[in-house]
Amino acid sequence: MKNRSAWLVWGAGVFAYMVAVTQRTAFGVAGVEATERFSATASVLSIFTVVQLVVYAGLQIPVGMLVDRFGPRLLITCGAALMFAGQFQLAAAESVGAGIVGRSLVGAGDALTFISVLRLLPAWFPAPRIPVLTQWTGIIGQLGQIASAIPFAFALHELGWNTAFISAAALSVLAFVLALAFVRNQPGAAARSPRPAHDGGSLSAAWRQPGTRLGMWTHFTIQFPGTVFVLMWGYPYLVSAEQVSPAAASALMTFFVAVAIVCGPWLGSWVGRHPLRRSTMVLLIAAAMACGWLVVMLWPGPAPVWVLAGLVAVLAIGGPGSMIGFDFARTYNPSTRLGTATGIVNIGGFGASLISMYLIGLVLDLLLSTGFSGGDLYDLAAFRIALSVQFLVMGVGVAGILVNRRRVRTALADEGLRLPPLREALARERRRRRDFRRGAGPEEEGKPVQEPASD
């Protein structure tokens with residue numbers, strides 16, 4: 001690996017992803033202006049976000065196959081071009097239909113970007129670095145949300161709709177130029193090849209691999225609670241149901257981002273050191289999120305802010321935790337179908353998010369229509385019942401993790417690779433640390449345990 005070249009490639013790719021997140025979230029701060037511009041109700045405006053997410057989720061597997069076929073460089077540049085077209089279309093749109101076309105283009109360009117950036121990592125960096133760099137890719141990308149919340153919002157309010165969205169579109173032009181200049185599919189001569197090696201049965205082969213499905217169910221289980229909370233139901237729940245002030249609710253949302261940033265690199269390094277215990281970490285995160293919701297839902301009356309902060313903290317861990325799913329895809333698939341496997345994993349969390357968002361809204365409407373809410377759509381008791389739908393979705397995900405983890409371990413056992421019980425591994429680690437403290441040399445202390453890199 002040429003360090004400078006690798007960092008330039010990754011940096012250009014991450015910048016393209018950060019711009020994609022900016023374009024993805026820009027419409028969220030333009031709700032009031034969009035209502036006036038399109039003369040639309042809130043329910044009609046919600047279609048913009050739903051359509052964008054449906055396009056994004058629906059393209060994950062096709063994009064994964066395309067990145068395996070043509071390489072990440074072409075898809076990152078095409079993604080930037082699509083997002084430029086989408087934001088430019090939205091800048092000129094004066095009807096709901098025209099606006100939805102723009103957001104659909106943004107969703108398509110966004111879908112092309114993330115998988116392609118992750119696809120660069122195995123080609124340019126050694127395997128021990130990839131879990132941490134995967135986390136940093138997600139963290140730096142999410143800084144795009146800050147760009148949409150501060151400079152874009154300022155431009156929107158001070159300079160107007162057209163100027164703000166054309167400025168956002170210009171960011172995609174910069175991402176396009178940087179990707180074209182610096183991103184290469186692989187080091188050396190192979191980087192000039194427009195078509196990397198391709199496995200014609202990549203989709204079926206990736207799906208048949210239990211490790212891919214383990215990654216998908218990982219993403220499904222622990223990504224959606226935080227996404228549902230931040231993108232749709234968290235703010236109204238905090239302000240209307242839990243009676244938190246808008247300022248405190250905004251502070252809790254900021255705390256969500258801060259926790260994710262702090263936990264991401266730590267989780268990445270932990271996975272790099274303990275690849276055998278990845279699924280155990282995933283299940284612990286899922287249990288923490290379930291316990292966090294249980295505490296808040298069973299609290300008599302509105303929960304205090306410190307309890308809500310604890311809930312926000314465990315939900316925030318789910319974002320970087322779900323990136324472990326992509327590490328499963330990388331571990332169990334050859335490079336020729338890694339993009340396809342990554343697409344399968346990525347569709348898990350967004351599919352679960354769409355399902356949960358819809359079911360929560362459906363339950364809230366049903367409780368209102370039956371009179372349970374007392375005429376208040378966001379009644380605390382009704383909201384808690386509606387949010388409990390997440391336990392069902394999470395239960396399905398945990399079952400998927402357990403089933404596919406067993407299949408992965410069975411396959412390893414058939415190959416003669418035994419995964420020691422957790423208590424045995426912990427005891428061995430304690431013995432190793434004790435021996436080191438008693439004077440073992442650094443070579444002995446750093447010697448890894450030779451075990452299969454399973455889950």
Side-chain angles (χ1 to χ4, degrees), residues 21 25 53 56-57 114 118 131-132 134-139 141-142 145 214-235 237-238 252-271 277-297 307-329 342 345-357 359-360 387-402 405 455:
V21 174
T25 57
L53 287 176
Y56 180 92
F114 180 63
L118 289 187
V132 175
T134 300
Q135 294 289 345
W136 276 113
T137 299
I139 290 169
Q142 294 309 311
Q145 188 168 350
L214 180 58
M216 184 198 72
W217 286 114
T218 292
H219 202 256
F220 179 101
T221 305
I222 61 177
Q223 191 259 10
F224 86 88
T227 301
V228 169
F229 190 84
V230 170
L231 289 187
M232 182 164 284
W233 294 118
Y235 192 85
Y237 171 71
L238 292 172
L252 286 171
M253 293 298 185
T254 304
F255 180 58
F256 181 99
V257 176
V259 171
I261 289 175
V262 171
C263 289
W266 177 83
L267 276 174
S269 62
W270 189 92
V271 168
R277 307 299 169 184
R278 289 174 291 182
S279 62
T280 301
M281 174 60 74
V282 170
L283 293 172
L284 288 174
I285 293 172
M289 289 192 291
C291 289
W293 271 122
L294 277 174
V295 169
V296 171
M297 290 178 179
V307 172
L308 295 173
L311 170 66
V312 169
V314 294
L315 292 179
I317 297 172
S322 68
M323 304 292 277
I324 297 173
F326 300 115
D327 203 57
F328 285 127
T342 302
V345 171
N346 204 27
I347 202 173
F350 286 96
S353 298
L354 286 170
I355 292 169
S356 300
M357 288 177 186
L359 290 178
I360 291 169
L387 289 170
S388 65
V389 166
Q390 295 177 103
F391 293 116
L392 175 62
V393 178
M394 193 178 295
V396 172
V398 168
I401 290 172
L402 294 175
R405 181 173 75 164
D455 56 10

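We're numbering straight along the sequence, starting at 1. These values consider heavy atoms only, across backbone and side chains, with no hydrogens, waters or symmetry-generated copies. Treat the numbers as computed from the prediction; the structure is a model and nothing was measured.
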Parallel, tilted or perpendicular: ring planes of Phe350 versus His219, cut at 30 and 60 degrees |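 Answer is tilted, since the angle falls between 30° and 60°.
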Out of Val282, Leu284, Ile401, Leu283, which one pairs with Ile222 under the side chain to side chain contact (heavy atoms under 4.5 Å, CB included) rule?
->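 The passing option is Val282.
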Have a look at Phe229 and tell me which of Leu238, Leu387, Leu252 forms a side chain to side chain contact (heavy atoms under 4.5 Å, CB included) with it.
->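 With Phe229 as partner, side chain to side chain contact (heavy atoms under 4.5 Å, CB included) holds for just one option, Leu238.
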Please assess Gln390 against Phe224 for the test side-chain contact (heavy atoms from CB on, under 4.5 Å), listing each intermediate value before the final yes or no.
-> CA-CA 9 Å; Gln390 295 177 103; Phe224 86 88; 4.0 Å; yes
Test side-chain contact (heavy atoms from CB on, under 4.5 Å) applied to Tyr237 and Ile360, step by step | CA-CA 11 Å; Tyr237 171 71; Ile360 291 169; over 6 Å; no
Give me the atom names and distance for the closest heavy-atom approach of [X] to [Y].
X	Y	answer
Ala57	Leu354	CB-CD1, 4.5 Å
Ser388	Met297	N-CE, 3.6 Å
Met394	Ala290	SD-CB, 4.2 Å

Evaluate the side-chain contact (heavy atoms from CB on, under 4.5 Å) criterion for residues Thr280 and Arg405: first the C-alpha distance (whole Å), next the side-chain angles of each, then the deciding distance (0.1 Å), finally the verdict.
-> CA-CA 10 Å; Thr280 301; Arg405 181 173 75 164; 3.8 Å; yes
Could you tell me the separation between the [atom1] atom of [X] and the [atom2] atom of [Y], rounded to the nearest 0.5 Å?
X	Y	atom1	atom2	value
Ile324	Gln135	CD1	CD	7.0 Å
Asn346	Phe220	CG	CZ	14.0 Å
Thr134	Ile139	OG1	CD1	11.0 Å
Leu214	Arg278	CG	CZ	8.0 Å

Just by distance, do the side chain of Thr221 and the backbone of Gly397 share a donor-acceptor pair under 3.5 Å?
->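 Yes, the answer is positive, given that a donor and an acceptor are paired below the 3.5 Å cut-off.
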Worked check of side-chain contact (heavy atoms from CB on, under 4.5 Å) between Val398 and Trp217 = CA-CA 7 Å; Val398 168; Trp217 286 114; over 6 Å; no
For residues 310-323, dump all side-chain donor-acceptor pairs below 3.5 Å to protein atoms at least two apart in sequence or in another chain.
residue : atom : partner : partner atom : Å
Ser322  : OG   : Gly318  : O            : 3.4
Ser322  : OG   : Gly319  : O            : 2.7

